[in-house]
Enquirer: 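After the structure tokens below, expect a handful of questions from me.
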Amino acid sequence: MAGFFDKMSDALNDAANDITNKAKEFSEVSSLNGQIRSQEKTIESTYREIGKLYYEAHKDSEEDVYIEQIRQITNAIQTAEKLRADVANIKGK
């Protein structure tokens with residue numbers, strides 16, 4: 001009978017160790033995934049910053065390789081400003 005309880009105890013200990021190891025693995029993977037997301041956010045915000053700096057430096061150029069994109073941004077800025085003015089007029093009523 002003691003052999004049965006020893007085997008049962010060993011099985012429970014093994015299961016507990018497996019659960020502990022899986023929890024540790026999950027925690028490590030979650031932490032690494034969080035760090036990856038943080039780096040990806042840094043990359044994206046830096047791309048946006050570069051784009052904004054490029055736009056500001058070249059927005060008055062008529063012969064830029066990205067002239068269409070520059071015009072789209074300029075038009076969107078002007079449209080957004082007009083829409084903000086419309087919102088302000090509506091709220092002012």
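Computed from heavy atoms alone, side chains included, the values below leave out hydrogens, waters and symmetry copies. Quick caveat, the model's predicted, so the values are computed rather than measured.
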Enquirer: side-chain contact (heavy atoms from CB on, under 4.5 Å) for K24 and T20? Distances and angles first, verdict last.
Expert: CA-CA 6 Å; K24 182 178 176 184; T20 300; 5.6 Å; no
Enquirer: Salt bridge (charged side-chain N to carboxylate O under 4.0 Å, His left out) with E44: which residues, sequence neighbours excluded?
Expert: none
Enquirer: When rounded to the nearest 0.5 angstrom, what distance separates CG in N17 from CG in L12?
Expert: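 Nearest 0.5 Å value for the CG-CG distance: 11.0 Å.
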Enquirer: Mind checking salt bridge (charged side-chain N to carboxylate O under 4.0 Å, His left out) for K52 and listing every partner two or more places apart, or none if nothing turns up?
Expert: none
Enquirer: Please collect all side-chain hydrogen bond (donor to acceptor under 3.5 Å, both in side chains) contacts where either partner lies in residues 74-86, sequence neighbours excluded, each pair once.
Expert: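 Every pair satisfying side-chain hydrogen bond (donor to acceptor under 3.5 Å, both in side chains) with a residue in residues 74-86: Y55-T74, K82-D86.
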Enquirer: Sequence neighbours left out, what pairs pass side-chain hydrogen bond (donor to acceptor under 3.5 Å, both in side chains) with at least one residue falling in residues 30-42?
Expert: S31-Q35
Enquirer: May I ask whether I73 and I67 are part of the same hydrophobic cluster, defined by side-chain heavy atoms of I, L, V, M, F, W, Y residues being less than 4.5 angstrom apart, directly or through others?
Expert: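 As far as the 4.5 Å side-chain criterion goes, I67 and I73 are not connected within one cluster.
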Enquirer: Are any non-hydrogen side-chain atoms of H58 and E63 less than 4.5 angstrom apart?
Expert: no
Enquirer: Could you tell me if the side chain of Y54 sits less than 4.5 Å from the side chain of D64, heavy atoms only?
Expert: yes
Enquirer: Restricting to side-chain contact (heavy atoms from CB on, under 4.5 Å), what partner residues turn up for E49, sequence neighbours left out?
Expert: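 Applying side-chain contact (heavy atoms from CB on, under 4.5 Å) to E49 gives L53.
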Enquirer: With sequence neighbours left out, what residues match Q72 under side-chain contact (heavy atoms from CB on, under 4.5 Å)?
Expert: Q69
